[in-house]
**Q** 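Handing you this structure, nothing more for now.
As the structure is a computational prediction, the values presented were derived from the model and not from experiment. Atoms considered below: every heavy atom in the structure, side chains included; atoms not considered: hydrogens, waters and symmetry mates.
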Amino acid sequence: MLSFAISPITFLGKLSIFIWNSVLGLKRFHKRIPIFFQQFDFIGVQSITVVTFSAIFIGSVLAFQTYVALHYFGMDGYLGSSVGIALMRELAPVFCGIMVAGRAGAAIAAEIATMRVTEQIDAMEALGTDPHDYLMTPRILAGTLSLPLLCIYFTVIGCAAGYFIATVVLSTDGAVYWQQLGWAVDFNDVWQGLSKAFIFGFFLSVLGCFYGYHAGSNAESVGVATNKAVVTTALWILFSDYILTAYLPYDPSNIIL
Amino acid sequence: MTQATSSYKDGPAISVKGLEKGFGKFQIHKGLDLDIPRGKVTYIMGGSGCGKSLLLKQVMGFIRPDKGTIQVNGQIMDHKDQKNLHEIRKNMGILFQHGALFDSLNVYNNVCFSLKEHLNLSKKELDENVENLLESVGLSMEHSLKMPSELSGGQRKRVALARAIALKPSIMMYDEPTTGLDPITTMMVTNLIKDVSSRHNLTSIVISHDTHVVFTVAEQIAFIKDGVVRYAGPPKGVFKSHDPDVREFYSLEERYNTED
Ligand SMILES: Nc1ncnc2c1ncn2[C@@H]1O[C@H](COP(=O)(O)OP(=O)(O)OP(=O)(O)O)[C@@H](O)[C@H]1O
Ligand SMILES: [Mg+2]
């Protein structure tokens with residue numbers, strides 16, 4: 001287990017093989033559709049509560065803090081656009097990724113690690129079924145596809161919460177808020193947010209499955225696997241968020257670097 | 001892929017030759033040779049950590065040996081060839097120590113797991129199969145909707161056995177099927193293994209620590225120590241062995257037998 005930390009190359013090698021085997025699992029995906037929907041429900045639909053609350057608080061705080069800065073320069077009118085862009089491009093994908101990793105990624109790692117410890121994975125292989133196509137492929141697909149949807153939902157709720165703060169608490173003009181938001185948030189922002197969410201969803205489900213699958217065989221292994229899955233996912237999300245923001249040219253006419 | 005020779009049915013069901021396996025600096029198997037006779041119940045014994053479970057895992061193809069060959073039904077196992085592994089595994093079933101039932105599936109779906117995966121059976125055929133399988137391990141259909149967590153340890157092993165024999169393997173392996181069970185359940189499970197073996201004409205390999213049980217039901221014994229097989233043959237032969245370790249391991253049983 002320690003070798004994972006010592007040798008990043010072994011780790012990446014193992015991970016690539018794991019991902020490749022899960023891709024090969026798509027061949028039998030037609031048999032796994034019920035499992036896919038079950039996982040989609042678990043990872044996506046059942047995350048709605050936690051995503052709703054995160055979005056309300058993030059949207060509200062964002063409106064407050066941005067207002068402080070904008071008001072200083074007398075640009076209260078730009079509140080809607082600032083909130084919208086920040087949420088769509090950055091906060092929605094990152095927070096969705098981290099919240100869902102904590103909820104579903106951890107649960108996936110724990111479930112699969114438990115199956116490893118109790119020899120259920122060996123039993124599955126002994127019965128002639130590849131655990132990649134039965135367990136991993138549907139989970140990875142469900143995680144990857146549900147995150148962009150959650151990200152859109154997060155943005156909508158966050159903007160609404162920002163609107164509430166802007167009008168009810170800060171008494172700015174509500175019509176201007178939406179007008180500015182609609183004017184500022186364009187296809188590029190949506191595209192950037194969605195592609196990030198897509199990638200973060202992939203990370204959280206792949207890492208959850210991977211650490212579960214490679215769990216050790218004693219009782220602590222489940223805790224260790226869960227812990228590693230969540231911490232690694234969070235770090236990967238933050239790191240790749242930077243890379244994606246800085247180096248991916250979403251808008252060719254607007255490249256700063 | 002090595003073709004099965006036409007006469008493989010006369011030879012041993014499993015033949016392990018020169019098996020070597022180590023982890024780091026620990027050498028577990030040091031050139032282990034073992035033939036498992038076809039259609040018999042073979043018990044594998046040996047001290048804890050001598051590599052009994054590891055032997056089964058290599059025979060199943062879960063773990064790759066460092067050296068040596070494993071031949072199943074005349075076919076040499078080749079880890080580079082997934083198809084070959086798959087072919088070989090199709091003929092084998094394994095019962096894990098704790099049953100390893102799928103927690104998320106009920107008894108019915110556990111039992112018919114491999115049937116659903118590999119055959120296209122109608123609902124009615126599945127029902128019939130599950131009923132027969134459960135019946136052959138002494139359970140009724142009333143249990144079929146229960147989840148594994150609602151079963152007792154003994155029932156769980158029965159369900160796991162039913163699941164393992166669903167595809168009619170010719171070789172069944174049992175990793176400590178009776179460890180941790182009370183004496184009555186132990187006897188029940190032991191008899192069940194015997195019944196299932198003779199009913200389906202299986203080659204069975206059982207890992208057990210229970211010398212008394214072994215001497216009552218085993219047709220063949222293999223004793224492993226220090227990475228090699230120190231004794232293989234019928235139970236009676238143990239007492240004639242000149243190997244002091246073999247004699248020591250079975251001395252308790254010898255005393256037990258001479259007292260009555
Ligand atoms: N995957 C593995 N990685 C590292 N070491 C292993 C692995 N599997 C087995 N071993 C080592 O091999 C040795 C034999 O293990 P094995 O599980 O086969 O013992 P056993 O004979 O079944 O013992 P017991 O009767 O206690 O079940 C042990 O020392 C164990 O630590
Ligand atoms: Mg063992």
**Q** Should we say atom CZ of A/Phe53 is surrounded by more than 12 heavy atoms from elsewhere, each under 6.0 Å from it?
**A** no
**Q** Just wondering, are more than 12 heavy atoms of other shown residues or ligands nearer than 6.0 Å to CZ in A/Phe164?
**A** no
**Q** Out of B/Leu85, B/Leu101, B/Ile94, return the one with the most heavy atom pairs under 4.5 angstrom to chain A.
**A** B/Leu101
**Q** Are more than 12 heavy atoms from other residues, nucleotides or ligands located less than 6.0 Å from atom NE2 of B/His143?
**A** yes
**Q** Is it true that, when you exclude B/Asn120 itself, more than 12 heavy atoms of the residues, nucleotides or ligands shown sit nearer than 6.0 Å to its CG?
**A** no
**Q** So what's closer than 4.5 Å to chain A heavy atoms on B/Met92: side chain, backbone, both or neither?
**A** backbone
**Q** For residues A/Arg28 and B/Glu117, determine if any side-chain heavy atom of one lies less than 4.5 Å from a side-chain heavy atom of the other.
**A** yes
**Q** Can any side-chain N or O of A/Gln120 pair as donor or acceptor with the backbone N or O of B/Asp103 at less than 3.5 Å?
**A** yes
**Q** If you count the non-hydrogen atoms of other residues, nucleotides and ligands that lie under 6.0 Å from CD1 in A/Ile9, is the total more than 12?
**A** no
**Q** Please check if the number of heavy atoms outside A/Tyr242 that lie under 6.0 Å from its OH is greater than 12.
**A** no
**Q** Out of curiosity, A/Glu119 CD to B/Gln97 CD, how far, rounded to the nearest 0.5 Å?
**A** 7.5 Å
**Q** So which of B/Ala100, B/Ser104, B/Ala164 has the largest heavy-atom pair count under 4.5 angstrom toward chain A?
**A** B/Ala100
**Q** Evaluate whether atom CZ of A/Phe95 has more than 12 neighbouring non-hydrogen atoms of other residues, nucleotides or ligands under 6.0 angstrom away.
**A** no
**Q** Assess whether a salt bridge exists between B/Lys57 and A/Glu125, defined as any Lys/Arg side-chain N lying under 4.0 Å from an Asp/Glu carboxylate O.
**A** no
**Q** What's the shortest heavy-atom distance between A/Asp122 and B/Phe62, and which atoms?
**A** O-CZ, 3.2 Å
**Q** Apply side-chain contact (heavy atoms from CB on, under 4.5 Å) to the pair B/Phe102 and A/Tyr134, showing each step before the final yes or no.
**A** CA-CA 12 Å; B/Phe102 302 127; A/Tyr134 191 88; over 6 Å; no
**Q** Keeping B/Lys90 on the side-chain end and A/Gly128 on the backbone end, is there a donor-acceptor pair under 3.5 Å?
**A** no
**Q** With a cut-off of 6.0 Å (strictly less than), are more than 12 heavy atoms of other residues, nucleotides or ligands near NZ of A/Lys31?
**A** yes
**Q** Under the side-chain contact (heavy atoms from CB on, under 4.5 Å) criterion, do A/Leu127 and B/Arg163 qualify, and how do the steps go?
**A** CA-CA 9 Å; A/Leu127 294 169; B/Arg163 180 182 71 179; 3.6 Å; yes
